[in-house]
Amino acid sequence: MSQSPGDLLEKLRAETPLVQCITNHVAMSITANALLAAGASPAMVADAEEAGEFAEIAGALTVNIGTPSRPLLEGAHAAIDGAHSAGRPWVFDPVACQATAFRRRASNDLMALKPAIVRANALEILALAGETNRGQGVDGRDGVDVAEMAARRLARDTRAVIAVTAREDYVTDGTRAMRIGGGSHWMSLNSAMGCALTGLCGAFAAVADDPFDAAVGALALFSVAGARTHDGAGGPGSFGWRFMDTLHGVMPAVLDYEAEIADAETIAA
Amino acid sequence: MSQSPGDLLEKLRAETPLVQCITNHVAMSITANALLAAGASPAMVADAEEAGEFAEIAGALTVNIGTPSRPLLEGAHAAIDGAHSAGRPWVFDPVACQATAFRRRASNDLMALKPAIVRANALEILALAGETNRGQGVDGRDGVDVAEMAARRLARDTRAVIAVTAREDYVTDGTRAMRIGGGSHWMSLNSAMGCALTGLCGAFAAVADDPFDAAVGALALFSVAGARTHDGAGGPGSFGWRFMDTLHGVMPAVLDYEAEIADAETIAA
Amino acid sequence: MSQSPGDLLEKLRAETPLVQCITNHVAMSITANALLAAGASPAMVADAEEAGEFAEIAGALTVNIGTPSRPLLEGAHAAIDGAHSAGRPWVFDPVACQATAFRRRASNDLMALKPAIVRANALEILALAGETNRGQGVDGRDGVDVAEMAARRLARDTRAVIAVTAREDYVTDGTRAMRIGGGSHWMSLNSAMGCALTGLCGAFAAVADDPFDAAVGALALFSVAGARTHDGAGGPGSFGWRFMDTLHGVMPAVLDYEAEIADAETIAA
């Protein structure tokens, strides 16, 4: 039986899962703070000297290639090995994977290592699915509909849950699919908000039975917190700190009540 | 014909230029957020594996040596090559270039690669101009007047626009020179504000015909936003987030109206 | 004669000591901002190419292994050599030193280099003292009492001042011992607050005659600022920026008046 976003948030706050984040230099602080605010315990352990060892004690791992380098990728591979050994899930954030040859290679290598969840924008999903030609003119601000077919196919091919975020989010495991509304346009003007959400997917994955529920739960929490924060905010700066207060204050029952989750219409593959 | 700060801000918001930032670890988040708030699209792409390739698609490049390392400098050199190939401008921020032999060498090497704009404080400009002996006792809090002669000479020698920032800013291309007032003393108590301003110089340079106008525009926007934010702020923390709201809210026409820009008196070379 | 927290804060603001911080990627920005707010001048100079040279001009050095790597440790060793040459104190923050073999080795190597102050949580102090078995179930949120004996012994063995922070803090040089109350539970939900406090220990050490007074002063300032900020905060986000305003606004006389410092009962060694 599936676990609702509120079920998972309650579990997360009770268990305070340790989430190992290998992330980019812009996202470090906001990711750690979002995890703390939500109720998890972040650990930015990324160096190959220790990342694999640490992954065996963490509840989940997240890997984000926003500022990639060889040391970061070596650390990511070591950590993924550790997570696999320990039977823990890992979440992939293929930031701008379409932009350079280095990122394309890194993303392809990482996708082969069986992430439980991929959290990305529409353009990145199109690139991962090999449909870069269709991606012209698409960016993080477009709707996810252009990437829905690609996401579903990618999910079937890789057995990862694909979470495409935009004004409206889309989550699929290749069979099931959900749309999640809410949020605020101020989110796209706070750098690394998507990266922080990837961290939260890790926290939910650490406590969930099913990565599909984890992705839906994390996205629902972000969207509810974003929508709640929107009205009090006068710009990206005031949104930023209010969002952390809101994230901390969302109660599990309220999350389930306010989450805008709908089954996405089935599309024949 | 020259483009006013408001003209450039309007263009920036219409075109959302992609600005590649190679910057220090303290400045990553505030630089990305300031660029987003102003209306540009930041990309922190710094590794030599991809920095050159990415520079060919970016509208402008900024290089900041606040936390220098060999990998960062290799990435910077690759990116500058890419920017030159693509005919795009790059902006240099020689943070504390007078402080160590490593920074002196790195700065000299980078100055030889024809930055369009150098954004720095008075002490850094004196050091770049080879007048370190005159710099004793000067720091970022002093007025720019001690560095004006050096800035003008440096601009003539290197053909870069030199933007010296302090309580009152000074911009020169060796022939023309402007002073820009405004700002807030809380700016110097928020770390990496100057680095964020360098990012904004990149955004303005991406849309301007003339780097001199770009530097004046970026400095004017920062100064107007700083002055507007000052009154509501009770300290450096409240200034920080309010500044982002203000930066996002400044309208082009208001920028031209409120900017405190004056021709600097001509000094015989 | 000992210097009170207020004495040291007054001296710090008069002298604006240059504090070299080698710290982790999460803590960079908050550490720099806390130092600026308190009245010091932060410099994030960490690369081995320049860290040693710079340490000779800084008033104090801090080393934090929150995101360790070989380059960071090489920079730390170079900087410590420089600080020793210049006769300046250095402060060690052994973040999660119990978590991996890499951190245990790095911490042991650094502890041998005579830090003036070690700022850590109870679990880290137990690990440094070789009492990891007693640390099961201890984390940063526990009281410091479990680590007091270990701290006292570690201080005697290493001649470092040991500052253990938790809900109530404990500072000892092996002979003297103080407890410091105050603070706010929101502090533990802002990432890298402890790391920022380590930076502040460096700033106080730069102006103090005795590292014991420096540690007491820095912890007292953080606790007073935390307690003062607590009431106005509605969550971790609003606490974060208000704390910076408060830190900047605490006056030396008020610090001595509001600080909750008590002699810790002597325990036979």
Side-chain angles (χ1 to χ4, degrees), chain A residues 16 18 20-58 67 69 71-72 74-75 78 82 190 196 199 225 229 232-233 237-250, chain C residues 23-34 44 64-74 95-107 121 123 136 139-141 185-196 229 232-245:
Chain A
T16 317
L18 184 61
Q20 180 178 4
C21 302
I22 298 182
T23 192
N24 69 72
H25 292 301
V26 189
M28 290 269 177
S29 181
I30 191 175
T31 302
N33 281 322
L35 284 169
L36 287 169
S41 181
M44 272 55 192
V45 180
D47 196 273
E49 296 271 0
E50 61 173 358
E53 178 185 354
F54 195 84
E56 303 201 17
I57 63 165
T67 51
S69 65
L72 181 132
E74 287 167 15
N190 271 267
T229 307
S238 46
F239 184 88
W241 64 262
R242 283 168 197 272
F243 182 76
M244 292 296 169
D245 282 6
T246 310
L247 202 56
H248 183 262
V250 173
Chain C
T23 192
N24 69 71
H25 292 303
V26 188
M28 289 269 179
S29 181
I30 191 175
T31 302
N33 281 322
M44 273 54 193
N64 172 305
I65 59 162
T67 51
S69 65
R70 285 190 185 178
L72 182 131
L73 295 174
E74 286 166 15
V95 181
C97 62
Q98 77 290 345
T100 66
F102 185 46
R103 288 177 196 236
R104 281 191 292 277
R105 279 197 309 273
S107 302
N121 66 31
L123 182 51
Q136 301 303 324
D139 73 16
R141 285 163 236 208
H185 71 266
W186 296 124
M187 297 175 97
S188 64
L189 293 183
N190 271 267
S191 71
M193 273 298 239
C195 307
T229 308
S238 47
F239 183 87
W241 64 262
R242 283 169 198 272
F243 181 75
M244 292 296 169
D245 282 6

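Labels below follow one simple rule: chain letters A, B, ... track the order of the sequence lines, proteins then strands, and each chain is numbered from 1. Because only heavy atoms are used, hydrogens play no part in the values below, and waters and symmetry mates are left out as well, while side chains stay in.
H248(A) places a side-chain heavy atom less than 4.5 Å from the side chain of W186(C). No side-chain heavy atom of L36(A) sits under 4.5 Å from any side-chain heavy atom of P236(C).
Rounding to the nearest 0.5 Å gives a distance of 10.0 Å between OG1 of T67(C) and CE of M44(A). Here the NE2 atom belonging to H25(C) is positioned 5.5 Å from the CE atom belonging to M28(A), to the nearest 0.5 angstrom.
Within residues 237-244 of chain C, the residues having any heavy atom closer than 4.5 Å to a heavy atom of chain A are G237(C), S238(C), W241(C), listed by residue number.
With a 4.5 angstrom heavy-atom cutoff, A101(C) touches chain A via backbone and side-chain atoms both. Proximity to chain C (any heavy atom under 4.5 Å) is shown, for E50(A), by both the backbone and the side chain.
Taking chain C as the reference chain and counting heavy-atom pairs below 4.5 Å, the highest number among G249(A), A43(A), A48(A), S29(A) is found for S29(A). Top candidate by heavy-atom pairs under 4.5 Å with chain A, chosen from P68(C), A27(C), A99(C), S69(C), is P68(C).
Checked by atom type, the side-chain pair N33(A)/S191(C) shows a donor-acceptor distance below 3.5 Å.
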Side chain to side chain contact (heavy atoms under 4.5 Å, CB included), that's the test. Do E49(A) and L73(C) meet it? Break it down for me.
CA-CA 12 Å; E49(A) 296 271 0; L73(C) 295 174; over 6 Å; no
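Across all non-hydrogen atoms, the minimal contact from A32(A) to V26(C) is CB-CG1, 4.1 Å.
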